Amino acid sequence: MSKRISDKMEKILNTQMTREAYQAQVYLSYASWAEVNGFPGIATFLYGHMQEEREHMFKILKYINDRGGESKIEAIKAAPKNPKNLGDCFEQILQHEIDNSKEIDKIVNLAHEEKDWSTFNFGQWFVEEQIEEETLINDIIDKYHLAAGEGKGGNSNLYDMDRDLASASQEGDLPREENL
Ligand code: OFO
């Protein structure tokens, strides 16, 4: 099979593949933290999102191989330490998503520079996915602030929020192409 991506692109895609695996570890560790700290619904939601990140990893692996490159399975760095509280948990997740969006932008920028329109097109899926995820997590942060009551009346609504997130969609509110 002839190689249809540059060496530079193969390298950055491989790095991103491992980064998506890291994102999965982040969700996995925070889900486990939520589970042992009395938020089973939030844990279910975060475990679910862990699977999404694994799928992203696999999507990149397949793309590299399908374009004649070679995926390299490398070490994943350790997950971050436990969050201080639920608010911190969501804020940390948002920051991880923003950081990941910036990494995706690097791939799209390189694809544009190299006029590698296949990878440019491939990268658009991830650009859209990151917009969705940032929206999703921002919405959860807003709900958290409402539920926690911001000092007025305690945080009994966190119970409802936890229950609702157990069955919440993993998608943000932005419509994806297939839904239009
Ligand atoms: Fe892979 O979508 Fe979030 O990070």
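All figures in this text were calculated on a predicted structure; none of them were measured in a lab. Throughout, residue positions are numbered sequentially from 1 according to the sequence presented.
Side-chain N or O atoms of Gln170 include none that pairs as donor or acceptor with a backbone N or O of Glu52 at under 3.5 Å. A side-chain donor-acceptor contact under 3.5 Å links Thr15 to the backbone of Lys11. Proximity of a side-chain donor or acceptor of Asn14 to a complementary backbone N or O of Glu10 within less than 3.5 Å is detected. Without hydrogens or angle criteria, Asp162 side chain to Ile42 main chain gives a donor-acceptor distance under 3.5 Å.
Annotation: side chain of Asn157 is not in contact with side chain of Leu146 (no heavy-atom distance under 4.5 Å). Considering only heavy atoms from C-beta on, Ile107 stays 4.5 Å or farther from Phe122 through its side chain. Looking at Asp116 and Ile5, their side chains come closer than 4.5 Å, going by heavy atoms from C-beta outward. For the pair Glu53 and Met50, the minimum side-chain heavy-atom distance is 4.5 Å or more. For the pair Lys8/Glu114, a side-chain contact is recorded, criterion being any heavy-atom separation below 4.5 Å from C-beta on. Leu165 is listed as a side-chain neighbour of Met161, based on a closest heavy-atom distance under 4.5 Å. Side-chain contact between Gln92 and Val26: absent, with no pair of heavy atoms (C-beta onward) separated by less than 4.5 Å. You'll find the side chain of Ser167 stays beyond 4.5 Å of the side chain of Phe45, heavy atoms only.
The two residues Ala31 and Leu46 come nearest to each other via the heavy atoms CB-CB, 3.5 Å. Closest approach of Glu97 to Glu133, counting heavy atoms only: OE1-OE1, 2.8 Å. Taking each heavy atom of Asp88 and Asn85 in turn, the nearest pair found is N-OD1, 2.8 Å. Leu94 and Glu134 get closest at one heavy-atom pair: CD1-O, 4.0 Å.
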**side-chain contact (heavy atoms from CB on, under 4.5 Å) assessment of Met17 paired with Ile73** = CA-CA 8 Å; Met17 180 180 69; Ile73 311 302; 3.9 Å; yes

**Prompt:** Going through the checks in order, is the side-chain contact (heavy atoms from CB on, under 4.5 Å) test met by Thr18 and Lys77?
**Reply:** CA-CA 9 Å; Thr18 305; Lys77 67 177 176 168; over 6 Å; no

**Asked** Under the side-chain contact (heavy atoms from CB on, under 4.5 Å) criterion, do Phe126 and Asn100 qualify, and how do the steps go?
**Response** CA-CA 10 Å; Phe126 282 88; Asn100 202 35; over 6 Å; no

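Sorted by first and then second residue, the ring pair (Phe, Tyr, Trp, His ring centres under 6.0 Å) pairs involving residues 6-41 (not counting sequence neighbours) are Tyr22-His96, Tyr27-His49.
Taking 4.0 Å as the cut-off between side-chain N and carboxylate O, Asp105 and Lys102 do not count as a salt-bridged pair. Lys3 and Glu70 are not joined by a salt bridge, as no carboxylate oxygen comes within less than 4.0 angstrom of a charged side-chain nitrogen.
Here the SG-CG distance, from Cys89 to Asn82, works out to 9.5 Å after rounding to the nearest 0.5 Å. Remark: Gln16 CD to Gln23 CD distance equals 8.0 Å, nearest 0.5 Å. Atom CZ of Arg19 sits about 12.5 Å away from atom CD of Gln25, to the nearest 0.5 Å. For the atom pair CD (Glu20) and CD (Glu129), the distance works out to 8.5 Å, reported to the nearest 0.5 Å. With values rounded to the nearest 0.5 angstrom, Ile131 atom CD1 is found 8.0 Å from Ser101 atom OG. Here CG of Leu28 is found 9.0 Å from CZ of Arg54. Values are rounded to the nearest 0.5 Å.
Gln95 and Glu91 form no side-chain donor-acceptor contact under 3.5 Å, judged by distance and modelled atom types alone.
Considering Val108, Leu110, Asn109 as possible partners of Phe120, the one that fulfils the side-chain contact (heavy atoms from CB on, under 4.5 Å) test is Val108.
Within a 6.0 Å radius of CZ in Arg4, no more than 12 heavy atoms belonging to other residues, nucleotides or ligands are found.
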Which pairs of donor and acceptor atoms, one on a side chain in residues 61-68, lie under 3.5 Å apart (sequence neighbours left out)?
{"residue": "Tyr63", "atom": "OH", "partner": "Thr119", "partner atom": "N", "Å": "3.0"}
{"residue": "Tyr63", "atom": "OH", "partner": "Thr119", "partner atom": "OG1", "Å": "2.7"}
{"residue": "Asn65", "atom": "OD1", "partner": "Ser71", "partner atom": "N", "Å": "2.9"}
{"residue": "Asn65", "atom": "OD1", "partner": "Ser71", "partner atom": "OG", "Å": "3.1"}
{"residue": "Arg67", "atom": "NH2", "partner": "Ser118", "partner atom": "OG", "Å": "3.2"}

